[in-house]
Amino acid sequence: MVESFDAIVLPSIEIAPSILAADFAALGDAIRAVESAGVSMLHVDVMDGHFVPNISIGVPVVASLRKATRLTLDVHLMIEEPERYIEAFAAAGADMISVHEEATPHLDRALTRIREHGCRAGAVINPATPVNLLSEVLGKVDHVLVMSVNPGFGGQSFIPAAVEKIRQLRQMRERHNYSFRIAVDGGIGPENVAEVARAGAQILVAGTSVFHTPDPAASVRSMMQQAQEALVQIA
Ligand code: DX5
Ligand code: ZN
């Protein structure tokens, strides 16, 4: 006789380690560390020194990451005229590409182009940008990324107003029966993963709180557990 039992269904939530906080001379080690923690996604911050006041990495690094891992590469473009570079990042091996609402007058075109190149398309909003500016594209995005810091640098403090924006997005998704995932990026750590998870964030981008710790894999596992427990409590 087969015993029946109730399966425990863990909520769909994940930590996306941001390699911006890793040692760029040892990215392979950083990747292996978070792979061992069971993550499925790596967040890759691309900055051009114009849209944000910092320069990070570009297409060749994404191509190298693609050779080094099978993790989903989530490329966050913090660059002006993002449409010009979508093809190159897709060809380099990006799986997800996110563009800022503030970076282009043609957000719809940029999102369409991302999908045409076979990637999942995301729209990003800065702390000063209201959620409703995305209302016309929410039906055609795979994910929405809420910035909980002003983009440009790792290690900044979490801006609490992001929590309400996550809630609003969840409500808009329910109201219109959309299917995008909600992500949050900036200042995410053990002190706020439960709160953003409860608000509705499903992808928690974390840089400093993963890579600036003695054991990045343990940090990921612990934040993941906290987020899942927070959801179980409200289930
Ligand atoms: C900020 C980047 C973030 C950054 C987050 O502009 O978009 O992805 O890496 O870093 P932490 O987690 O340190 O705030
Ligand atoms: Zn980012």
Side-chain angles (χ1 to χ4, degrees), residues 13-24 27 30-31 33-34 37 39 41-58 61-62 65 71-80 82 85 89 94-103 114 119-129 141-163 165-166 181-197 201-214 216-217 219-220 222-224 226-227:
I13 190 154
E14 48 192 314
I15 306 285
S18 166
I19 58 158
L20 188 65
D23 177 356
F24 281 1
L27 283 179
I31 290 169
V34 294
V39 305
M41 176 184 303
L42 208 57
H43 184 84
V44 184
D45 289 305
V46 175
M47 306 179 180
D48 66 353
H50 291 274
F51 179 67
V52 289
N54 195 10
I55 299 174
S56 58
I57 56 165
V61 175
V62 172
L65 292 170
L71 293 177
T72 295
L73 295 180
D74 166 29
V75 175
H76 175 192
L77 296 183
M78 287 162 276
I79 62 176
E80 288 180 358
Y85 300 95
F89 280 105
D95 300 291
M96 302 162 65
I97 299 179
S98 309
V99 289
H100 273 258
E101 186 278 337
E102 307 85 2
I114 292 169
C119 298
R120 280 174 269 161
V124 195
I125 47 171
N126 278 336
T129 304
V141 289
D142 296 290
H143 54 282
V144 174
L145 178 57
V146 175
M147 291 308 301
S148 41
V149 296
N150 287 290
F153 303 94
Q156 303 182 80
S157 298
F158 179 77
I159 298 174
V163 175
K165 290 163 95 171
I166 293 167
R181 297 173 81 196
I182 302 172
V184 62
D185 182 8
I188 297 295
E191 63 288 352
N192 54 33
V193 286
E195 187 181 19
V196 295
Q202 298 154 295
I203 300 170
L204 315 183
V205 177
T208 302
S209 63
V210 171
F211 292 113
H212 292 194
T213 64
S219 302
V220 167
S222 148
M223 285 193 283
M224 189 66 192
Q226 275 181 267

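Note that ligands are numbered from 1 as they come in the structure, with each ligand's atoms numbered from 1 the same way.
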S.K.: Please give the atom name: the N, O or S atom of Asp45 nearest to the Zn ion (ligand 2).
M.R.: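 The Asp45 atom nearest to the Zn ion (ligand 2), restricting to N, O or S, is OD1.
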
S.K.: Would you say the side-chain atoms of Ser56 pair up with the backbone N or O of Met47, donor to acceptor, closer than 3.5 Å?
M.R.: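 Side chain of Ser56 to backbone of Met47, a donor-acceptor pair under 3.5 Å: yes, one is there.
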
S.K.: Within the protein, flag every N or O under 3.5 Å from an N or O of ligand 1, and note the pair and distance.
M.R.:
| from | atom 1 | to | atom 2 | distance (Å) |
| --- | --- | --- | --- | --- |
| ligand 1 | 6 (O) | Gly152 | N | 2.8 |
| ligand 1 | 7 (O) | Asp45 | OD1 | 3.0 |
| ligand 1 | 7 (O) | His76 | ND1 | 3.2 |
| ligand 1 | 7 (O) | Asp185 | OD2 | 2.9 |
| ligand 1 | 8 (O) | His43 | NE2 | 3.3 |
| ligand 1 | 8 (O) | Asp45 | OD1 | 3.1 |
| ligand 1 | 8 (O) | Asp45 | OD2 | 2.8 |
| ligand 1 | 8 (O) | Asp185 | OD1 | 2.7 |
| ligand 1 | 8 (O) | Asp185 | OD2 | 2.9 |
| ligand 1 | 9 (O) | Ser18 | OG | 2.7 |
| ligand 1 | 9 (O) | Asp45 | OD2 | 2.9 |
| ligand 1 | 12 (O) | Gly207 | N | 2.8 |
| ligand 1 | 13 (O) | Gly155 | N | 2.8 |
| ligand 1 | 13 (O) | Thr208 | N | 3.1 |
| ligand 1 | 13 (O) | Thr208 | OG1 | 2.4 |
| ligand 1 | 14 (O) | Gly187 | N | 2.8 |

S.K.: Can you name the N/O/S atom of His76 that is nearest the Zn ion (ligand 2)?
M.R.: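 Distance check against the Zn ion (ligand 2) picks out ND1 in His76.
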
S.K.: If you compare all heavy atoms of Thr208 against all heavy atoms of Gly154, which two are closest, and at what distance to 0.1 Å?
M.R.: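 Here Thr208 and Gly154 meet closest at OG1-C, 4.1 Å.
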
S.K.: Of all the N, O or S atoms in Asp185, which one sits nearest to the Zn ion (ligand 2)?
M.R.: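 Answer by atom name: OD2.
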
S.K.: If you take all heavy atoms of Ser148 and Gly186, which pair is closest and at what distance?
M.R.: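 Scanning both residues, the minimum pair turns out to be OG-O, 2.7 Å.
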
S.K.: Under the criterion side chain to side chain contact (heavy atoms under 4.5 Å, CB included), I'd like the reasoning laid out for Val46 against Tyr85: C-alpha separation, chi angles, the key distance, then a yes or no.
M.R.: CA-CA 11 Å; Val46 175; Tyr85 300 95; over 6 Å; no

S.K.: Judged by modelled atom types alone, do Asp74 and His76 share a side-chain donor-acceptor pair under 3.5 Å?
M.R.: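 No.
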
S.K.: Nearest 0.5 angstrom please: Gln226 CD to Asn192 CG, how far?
M.R.: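 The CG atom of Asn192 is 9.5 Å from CD of Gln226, to the nearest 0.5 Å.
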
S.K.: Sequence neighbours left out, what passes side chain to side chain contact (heavy atoms under 4.5 Å, CB included) with Pro127? Give chain and number order.
M.R.: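 Applying side chain to side chain contact (heavy atoms under 4.5 Å, CB included) to Pro127 gives Met147, Asn150, Pro151, Ile159.
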
